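Below is one structure; the comments refer to it alone.
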Amino acid sequence: MKKILVTSALPYANGSIHLGHLVEYIQTDIWVRAQRMSGHQVYYICADDTHGTPVMLRAEKENMSPDQLVSKVHAEHSADFNDFQVKFDNFYSTNSNENKLLSESIYKTLVSNNKIEKKEIEQFYDDQKNMFLPDRFIKGTCPKCKAEDQYGDSCEVCGATYSSTDLIKPFSVISGTEPIRKKTEHYFFKLSECEDFLTQWTQSGTLQKEAANKLKEWFKAGLADWDISRDAPYFGFEIPDAPGKFFYVWLDAPIGYMASFQNFCEKNNINFDEFWSKDSEAELVHFIGKDILYFHALFWPATLEFSNYRLPSKIFAHGFLTVNGEKMSKSRGTFITARSYLDTVKDPDLLRYYFFSKLNDSMEDLDLNLDDFISKINSDLVGKFINIPSRTSGFIKKYFDYNLMTKDQFTSDETKALLDVILSNVDEVKKYYHDREFSKLNRLIMNSIESVNEFINNKEPWVLAKQDNQDQPNSDLHEICSAALQSFRVISLYLSPVLPVLTHKISAFFDEEFTHFDQIHISVKKINQYEHMLKRVEKDFVDQMIELNTVKD
RNA sequence: GGUGAUGUAGCUCAGCUGGUUAGAGCGCAGGAUUCAUAAUCCUGAGGUCGAGAGUUCAAGUCUCUCCAUCACCA
C-alpha cells in the first residue's frame, strides 16, 4: 500500500469554474479514485488561490472586501466540484492562517540559505490609483503594427511581444491615466543559482518527457531570478520585516497545497511531516495544466529544496480544452461554466466519461466536440453498457426470482470464457489507470462491453425462454443471463472511478458497495429490481447549455 | 519574432524501436434480430497517412524544405 498525496492546481478565486478547469479536476479525481480502488491510501487536496491584484480589484468593483469575495467564490467553487463528484479530502483557501505561517517560515529559511536578495527595479505606476501596475493592467498602442488597445506584454493583432515600456501611448487599465515610471525595491529568489539542481531534477523522471523537453528550452535561455514581492496595495501576505511589501501570489499559491493539507491533518489527526519532511516516503503528485508548468517544475521544487522540504514525486501536466475544435470563446458560447452544464445536461458522469474516453498522459489539447459527446454517451453508455442489465435482468426476475448463478456454477466453456477474459483484464485496467492512459483503458473496457452484447445476441435468451424447462434454476437461460450480469458487474467495478453516480446505482442493484477492484473476484447471488439508471443526452440540452453561455458582444 | 508541438477515413482518435493488402469508435449503406431506453449483432463503402524532395531492399513511421493549426515566451 502506497501513501499518496495528490493535488490539483488551485483555481483562482476570481471567476467561475468552467469545463476547461474540469478536465484537470475530473482527470485527477478519476486517478485518485482508481488508486484507492487499487488499495492505496490517497489524500486529495486542493484550495482556492486567492491572492493578487485581480482579486483585489474585482472585490473593489463588486463593493466588497477581498475576504468577502473570496468566501463567496469559495462557496461557488465547492458546490461546483461537489456536484461534479470531484471529492477533495480538503478544499481550503490560500488566504488562511496556516498558509501565512508556512509562507513566512519558508521565506525565512530561504533568506537564511542566502537565496533571497533585494534589487531596485523600475515599474509603471498609476499615479491616480497610487499603485504599481502589472503588465496586464497596462494597455497601449502596439509599437510594431500600431494596433490600439493592446496589452503591455504582447499584441493580439500581430503577435509581437515586447516590454510594456515599448508601448506607444500607454495607459492604466484601472484609471485610464498615463502611468509614470517609478523605482521600487523588490525581493528576488535567486533562481539563477539553482540551475544545476533544477537541470538535474527536471530530467530525473518526475516530469513527462515532453514537459522535460519544454523545460530544456528555458534552461537554454538561462534562468533569471524570480521577483517574489509586490508593492502595497496588494491582497496577500506581508513579507516579514518588509513593511509595504507583499509575497507575489505565485509564491504562496503552491505553499497552499501544504497549508490545505496541514489544515486537513489537524482536523483528522494525521502526521503532516510524514508527507512533507525531506525524508518522506509518501508520494507527492501534482496535476497541473501545461500553462503553469514553469511554476511547478522550476519555482516550486527550488522553493522546496532550499527550504528543506521534500520534492514532488510526479508532476502530471495536461493540455487545454477546446470546444468543437476551437479555443473556448464567450461569444460562441463555448466558454461553458460548470454550473451551466449542471443546469442543462445535469449528469456529471457523462462529461466525466467523455473526458475519460479522450484523456491520455500527454500535454496535448483535448477537444470537446459536442456532437461527438452526444453520440459517444448515447452509444457507449446507454446503447451498449447499461443495455446489458436492461436486456437481461427481466429474465432473471421473471423466471429465477432475482437469483443469479455464480461463476463457480457455470458449466459452459463459453460462459466461463466470457467472464474469465473480462476478469483477466484487471491488471491492465489498474496499469492504465495508474499511467493515466484513460483513452486506451476506455477502448479495452468498451471491447469487453461489446463482447457481452455479442454473447447475448449469439445465445438468444429470448428464444430459450420459450423452450421447455428453461425456467428451472441453472438452465442455459439462467446461466447466460447470469454470465452477462456478472460480467456487467465486473465492468462496472472497472468503471467506478469514472462514473461514480451511475456505478453507485449499479452497486445498489447488486446490493453492495464498490470500494476495491478486488471485489471482481467474488460473484453476487442476487439482483434487485432493475430501473432505468441512465438517460440519453438530448441535443436540446446541449443547445440550451451553449445558449446560457453565449455572451453577446 | 523565438521555441516547442501537431497535421492519419465525414467526425473523434490508435498506430512501439521503419517491414505483409493502414486500424478503432461514431456517422453512413445493406442485412439479421426483437430481450432491451428506435437499444443490439453482422457485412460493407470511405484514406495517394498536410505538400514536395531525400535516405533505404522497404517510410504513416527517419532527414530536409514548404504549407496549415496550436501552445509557451517567466
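When reading the values below, keep in mind they use all heavy atoms of this one structure, side chains included, and skip hydrogens, waters and symmetry mates. Only a predicted model underlies this, so the values are computations on that prediction, with no experimental measurement involved.
Pairing for B/A71 goes to B/U3, judged as Watson-Crick or G-U wobble with the two contacts each under 3.5 Å.
OP1 and OP2 of B/G25 both lie 4.0 Å or more from every side-chain N or O belonging to A/K358. In terms of phosphate contacts, A/R443 brings no side-chain nitrogen or oxygen within less than 4.0 Å of OP1 or OP2 of B/G25. A close approach under 4.0 Å does occur between a side-chain nitrogen or oxygen of A/K384 and OP1 or OP2 of B/C26. One finds no side-chain N or O of A/K290 lying less than 4.0 angstrom from the OP1 or OP2 phosphate oxygen of B/C70.
In this structure, A/R536 places its CZ atom 13 Å from C1' of B/U40, rounding to the nearest Å. Distance A/N360 CG to B/A14 C1': 11 Å, rounded to the nearest Å. When rounded to the nearest whole Å, the span between CD1 of A/I456 and P of B/C42 equals 13 Å. Atom CG of A/L444 is separated from atom P of B/A14 by 17 Å (rounded to the nearest Å). At whole-Å resolution of the value, CG in A/D367 and P in B/U69 are 17 Å apart. A straight line from CG of A/N442 to P of B/G25 spans 12 Å, rounded to a whole angstrom.
The line from CD1 of A/I491 to CE of A/M446 is 9.0 Å long, rounded to the nearest 0.5 Å.
Remark: A/E479 engages A/T411, A/T415 in a side chain to side chain donor-acceptor pair (under 3.5 Å) (not counting sequence neighbours).
For the pair A/E24 (side chain) and A/A9 (backbone), a donor-acceptor distance under 3.5 Å is present.
Taking 3.5 Å as the limit, the base of B/U40 and the side chain of A/N457 contain a donor-acceptor pair of atoms between them.
A/K115 forms a cation-pi arrangement with A/F306, by the criterion of a distance under 6.0 Å to the ring centre and an angle within 45° of the ring axis.
In the set B/C26, B/U34, B/C41, the nucleotide with an atom closest to the side chain of A/S375 is B/C26.
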